[in-house]
**Q** 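Please find one structure pasted underneath; my questions will follow.
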Amino acid sequence: MARRDKRYRLPKNWIVLPLIVYSLLFVLSFWIITESIEIFLAYTSSLKAKAETENVVYYADLYDQSTFDSDELFIDYVASEYEFFVADENFNIICKNTDNITAEFILPDEESASIGLVRHLAYELDLTSERDYFFMPDKDCSFLEVEAYKIMPIYAHVPTSFFKNKGELFPYWTVFTVKNGTEFIAFKTHIPITLTDMTYLAVFTTVSILLVFIIFVILIVNLIRTTKNNSQMKKVIFRDNITIDRNWFWFAIKSREILGRRKAGTQYAIVSLVFVKYRQYLLCHSLVQGEQALRVMYRTIKASLEKGEIVAHGNLNTFPILMKAENEETLRQRIADIISRLEATGGEHDFNFQAGIYMIEPTVKKNADIDMLYNNASNARLTLESTDESGIAFFNNQLLEEAKWTNIVTENQKDAIANEEFKVFYQPKYDPRTNELMGAEALVRWDSPKMGFIAPGKFIPLFERSGFITEIDHYMISHVARDQKRWLDEGKNIVTVSVNVSRAHFSEVNLAEQIRDLVDAEGAPHDKIEIELTESAFFDNQKLILSTINKLKEYGFHVSMDDFGSGYSSLNSLKDMPLDVLKLDAGFFRGEKDNERTEIVVSEALHLARKLNMQTVAEGVDEQYQVDFLAKEGCNMIQGYFYAKPMPREDFELRMSNQQPL
């Protein structure tokens, strides 16, 4: 069930979630670029401040070591290089070489300083001194954002003189702690920023943002295109090329959705509607006209449906429909009305339609198995196949039991072969004039440990539909040959045993070789085994069947036609096929006694077979008068309940051992 469900699950077309993700990625990328620029600016500013810091640290050391006799000497010594001032721990000025102190007194965070960030910055700048220092902003310079341990240009505040001079020195203050932390000495230092620096930064910023934006646009465009393509793909997947509308795939998905959200008390039914004579219509007309007729039918059905009901075009001439159904009678009337409208579309042509209906249980909602539901409707429709007339059939408990039985048989058939659960029964054939045993037909019976004794009518038709009947053919031929060999070894006077070979088996080119090899593997003689094929087999590839018959006769087997007279090509088959035995169908011997017409037909068939040097067997003979008539007309053997029913191998052995006339 879960595996079948996957066939009707399309990948979801996500658009909101990818759009949110792409937007977040775009914002994140923009933030990363901004942060990268900030880090880059801080790093390059630190590098530019390196030379200045190395210079002023020398003067700070001089002052700290008090190599000058007075402040005036130190002031004179430094004045030519830098503006500076000395302050106590409360930033009260002790000495200075400028009257215009533009420093903003912002102290570094003590906690930050305590963990060595200042020394760490000095290490990053590759400074030789480990003296503690920090930066302070200059009140006259708004271009630089100066923090205790970081300098950052603010390009939004760039002065107009910068562009005229193609660069400028921007002031800030470098402050050192001296005299064991009791004093501060601050030097007015500068960072050189050139127009080239700003150009490089502007280009980098522009390219980065533009690149991220382009990628974002590409992703959005691709998302939109993918969504559009998925939408177009769904249309293609759901489109039926004949009706140019909905197909089975769409029907299955949509039906699951409707059943999944239906309200309590709402009854639905699934319908398999078939245009019965579509292939015949194509033979008389053209494919184009046939498809045009299907389109008209589809539109007619669709126009007949109510809201919440759907139809699609299935395989070739089928229309699956999901309809609301108050009860069976109401639904039957609605389907009958639809069929009447469809029949009218044929005009002068005789259009017929058959509908199989399955009433869906109210409990079937989410994840409904549409394949199974539609299969039930199709099984109901198959009950109408015996006629070409329009009709309606509902799936009922009998069909359900048949479906269950088919499933049981299918599940157990291979094990039954392996465990030899199939038994060979023999129905004797007697000479009606002497009552002498002349042969037998091998018939299969299934004795299952699980299901008990199963009549052939319960499983043979299923095997024929599934193709497993060929395995039964092999099984029967091998077991009959095995019995024949054992009886010969026991000294019994064996008779010819006929074995049915299915019509499907005669489509195989090497069938004669298969039969030969199976019999040879058991060591049985070929001339004591007769291969029966039904008259209907001659409707197939006659050239292949004739070749197979000739090979079988060449290998020494007898070949017979079973059910002669049940079809319409019997005489033609006799003309072309070199058969050894002709078996008259049991239908000849059903009906009224002393039916003159029946006696004439049977008599002439027996005379015809005798002229063609063929042995004759009449099957289904139950009455004495039938035996007397056949004996008089020269029938070679009789197979029927008058002499014996099909019997197990052991009982047949007793009859074969006691072969005096009955």
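Side-chain atoms are counted along with the backbone in the values below, which use heavy atoms only and exclude waters and symmetry mates. Each residue takes its place number in the sequence, starting with 1.
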**Q** Counting only heavy atoms not in N315 (residues, nucleotides, ligands), do more than 12 fall under 6.0 Å from its CG?
**A** no

**Q** Can you name the closest pair of heavy atoms from S142 and I154 and give their distance?
**A** O-CD1, 4.0 Å

**Q** Who pairs with E309 by salt bridge (charged side-chain N to carboxylate O under 4.0 Å, His left out), at least two apart in sequence or on another chain?
**A** R334

**Q** Who are the ring pair (Phe, Tyr, Trp, His ring centres under 6.0 Å) partners of Y278, not counting sequence neighbours?
**A** F275

**Q** Taking atom CZ of R299 and atom CG of L294, what is their separation to the nearest 0.5 Å?
**A** 11.0 Å

**Q** Are there more than 12 heavy atoms of other residues, nucleotides or ligands under 6.0 Å from atom CG of D140?
**A** yes

**Q** Assign the ring pair F351 / H349 to parallel, tilted or perpendicular, where the plane angle (0 to 90°) is split at 30° and 60°.
**A** parallel

**Q** Taking all non-hydrogen atoms of both residues into account, name the closest pair between P320 and G314 and its distance.
**A** CD-N, 3.6 Å

**Q** Would you name the heavy atoms of A293 and Y281 that are closest together and state the gap between them?
**A** CB-CE2, 4.2 Å

**Q** So if I apply the side-chain contact (heavy atoms from CB on, under 4.5 Å) rule between T300 and each of L342, I338, V311, which one comes out positive?
**A** L342

**Q** Of all residues at least two apart in sequence or in a different chain, which pass the side-chain hydrogen bond (donor to acceptor under 3.5 Å, both in side chains) check with N412?
**A** K450

**Q** Over 60° means perpendicular and under 30° means parallel, so classify the ring planes of F249 and F238, tilted if in between.
**A** tilted

**Q** With D245, which of H313, R239, R295, K302 fulfils side-chain hydrogen bond (donor to acceptor under 3.5 Å, both in side chains)?
**A** K302

**Q** Please work out whether the ring planes of F395 and Y358 are parallel, tilted or perpendicular, with thresholds of 30° and 60°.
**A** perpendicular

**Q** Ring of F85, cation from K188 - is the NZ or CZ under 6.0 Å from the centre and inside 45° of the axis?
**A** no

**Q** For D415, what residues pass the salt bridge (charged side-chain N to carboxylate O under 4.0 Å, His left out) criterion, not counting sequence neighbours?
**A** none

**Q** Classify the ring geometry of F187 against Y59: parallel below 30°, tilted from 30° to 60°, perpendicular beyond 60°.
**A** tilted

**Q** Could you list the residues that satisfy side-chain hydrogen bond (donor to acceptor under 3.5 Å, both in side chains) with N327, not counting sequence neighbours?
**A** T330

**Q** Apply salt bridge (charged side-chain N to carboxylate O under 4.0 Å, His left out) to E257 and list each qualifying residue two or more places apart in sequence or on a separate chain.
**A** K254

